[in-house]
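Working notes for the structure below.
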Amino acid sequence: MPSAFLKDASPPTLLADKPREMDEARKKQLAICPTDDDTIAPKTKKPHKQSFDYIWRTGLAGGLAGSAAKTMVAPLDRVKILFQASNPQFAKYTGSWFGVITAMKDIYREDGTRGLFRGHSATILRIFPYAAIKFLAYEQIRSVIIHSPAQETPIRRLLSGSLAGVTSVFFTYPLEVIRVRLAFETKRDSRSSLSAICKRIYNEAPPPQRPVSGPAVFAVTTEAVRTVVPRAGLANFYRGFSATIMGMLPYAGMSFLTHDTAGDILRHPALAPYTTLPRPSNSPPNKPAPLRSWAELFSGGIAGLVSQTSAYPLEVIRRRMQVGGAVGDGHRLHVGETAKMIFRERGIQGFWVGLTIGYVKVVPMVAVSFYVYERGKTLLGI
């Protein structure tokens, strides 16, 4: 019988059955213990940048980077806000390096070291989530817009940075308004706590409107608009938000674009032996070699210089809108009205008040921010 069975079975049939038996045996083995290939790269693994592990590590690195950078330049930030918002006590110091130093001396003489860090607690409260969201959003948006090295174009980098900046500002802007109002106060007898500042901003209302004269239809329409437009409340915490969005689009976009472009130049094969460090053992395979400390600080400093120049006029407008309840009659000004007021008071130079101190503050701040972020990513293995 066996000989008859073998005689009837043709060789091709046996050869065809043998691979099928091997496949079934392999499936049984996989069910017990997968091979090394299946363990290293399982088909169901989600993309690395969308994993929760990557997200929290990126957010932590970004938050620490922003906090370290802001702490380093906190005294200069206090003086810059006083200059931009045209604080009457410090308006005479604007326009010169000597004025910056004198203003810092006056603050130190009046309030000591704590005066130079006035509002810094609110700054840290705001900057950690702001920087965490900004860097996290940039990595996520970049992974969606830029799929391969061939798509690494300036426009895509600019768009990724701009959208990341807008996302972070939207979630943290009320904390920025509180920080500016804390830093704007200078008189010792008028110091306010964080809760007092929040209550004051919430309850600020525009001055009473004059009675409307004219046709009845016009009067009714105007009264209806007044009832709809918020006169106080949470809307006060978004003063200057439109100017912030307009300023953030070039600021964040140019910041990330310039940093990444400078990093590419410094990693050029001709410069790499002098500008890059050996790749860490825990570094992802597709990540470029880290820059040396001076090279990373240099690329971040250039990014701060370019981004600050491109967005500074809108930043001045934003500061004036944010302190609208602390100076004047509390009237909530729009972007156009604020720009006209600044031009009427100081001309075109009014939009560049404090730019020098802005450079001194932003260039090292952005440099330290990118440096701490990149080093944090390396330590966290992302």
Side-chain angles (χ1 to χ4, degrees), residues 58-59 61-73 76-77 80 123 126-143 145-146 152-173 176 243-267 288 290-291 295-319 352 354-377:
T58 304
L64 293 176
S67 300
K70 273 292 187 180
T71 301
M72 188 187 71
V73 298
L76 288 173
D77 198 31
K80 192 188 79 166
T123 300
R126 178 194 73 93
I127 199 62
F128 189 92
Y130 167 80
I133 294 173
K134 182 181 71 173
F135 283 106
L136 172 60
Y138 178 70
E139 297 288 354
Q140 296 300 316
I141 295 172
R142 177 186 167 89
S143 66
I145 296 178
I146 303 175
E152 287 275 358
T153 62
I155 295 299
R156 291 176 182 271
R157 285 177 169 177
L158 180 68
L159 181 61
S160 300
S162 298
L163 292 178
V166 171
T167 302
S168 60
V169 166
F170 176 79
F171 287 104
T172 60
Y173 190 79
E176 167 70 0
T244 302
I245 292 299
M246 290 188 294
M248 184 55 64
L249 289 173
Y251 180 83
M254 292 301 297
S255 179
F256 281 106
L257 169 62
T258 306
H259 174 266
D260 291 353
T261 303
D264 292 343
I265 295 174
L266 292 172
R267 290 185 179 93
L291 295 173
E296 187 63 61
L297 290 171
F298 176 77
S299 62
I302 294 297
L305 182 69
V306 174
S307 60
Q308 177 76 353
T309 304
S310 63
Y312 194 79
L314 288 168
E315 185 179 354
V316 174
I317 295 174
R318 172 170 63 98
R319 298 297 190 195
W352 305 97
L355 180 60
T356 304
I357 189 175
Y359 283 144
V360 176
K361 188 202 82 163
V362 170
V363 171
M365 183 186 72
V366 177
V368 170
S369 178
F370 276 113
Y371 175 81
V372 175
Y373 177 65
E374 293 296 337
R375 290 297 185 267
K377 288 174 62 179

Any side-chain donor paired with an acceptor under 3.5 Å for His259 and Glu296?
yes
Taking all heavy atoms of Ser299 and all of Gly263, pick out the closest pair and write down the distance.
CB-N, 4.4 Å
Ionic contact status for Glu139 with Lys134, cut-off 4.0 Å:
no
Can you check whether Lys70 reaches Arg126 side chain to side chain, under 4.5 Å on heavy atoms?
yes
4.5 Å side-chain heavy-atom contact, Leu266 and Phe298
yes
Sidechain N-carboxylate O distance under 4.0 Å for Asp260, Arg156:
no
Working note: Arg318 + Met246, criterion side-chain contact (heavy atoms from CB on, under 4.5 Å); need CA distance, chi angles, decisive distance, verdict.
CA-CA 10 Å; Arg318 172 170 63 98; Met246 290 188 294; over 6 Å; no
Side-chain heavy atoms of Pro154 within contact of Thr261, under 4.5 Å
no
Among Val366, Val368, Val372, side chain to side chain contact (heavy atoms under 4.5 Å, CB included) partner for Phe370
Val366
Just do the side-chain contact (heavy atoms from CB on, under 4.5 Å) check on Val169 and Glu176 with the steps written out, would you?
CA-CA 9 Å; Val169 166; Glu176 167 70 0; over 6 Å; no
On a heavy-atom basis, which atom in Leu159 and which in Ile145 lie closest, and how many Å separate them?
CD2-CD1, 3.9 Å
Where Ser162 and Gly253 come nearest, the two heavy atoms and their spacing
OG-CA, 3.4 Å
Taking all heavy atoms of Ile141 and all of Ser160, pick out the closest pair and write down the distance.
CG2-CA, 3.9 Å
Derivation and outcome, side-chain contact (heavy atoms from CB on, under 4.5 Å), residues Val316 and Trp352
CA-CA 8 Å; Val316 174; Trp352 305 97; over 6 Å; no
Going by the angle between their ring planes, with limits at 30° and 60°, are Phe135 and Phe256 parallel, tilted or perpendicular?
perpendicular
side-chain contact (heavy atoms from CB on, under 4.5 Å) between Phe170 and Val166, worked out:
CA-CA 6 Å; Phe170 176 79; Val166 171; 5.5 Å; no
At their closest point, which heavy atom of Leu64 faces which heavy atom of Phe128, and how far apart are they?
N-CE1, 3.7 Å
Mind checking whether Leu158 and Met254 have side chains closer than 4.5 Å, heavy atoms only?
yes
Closest non-hydrogen contact found for Leu291 with Arg375 is O-NH2, 2.7 Å
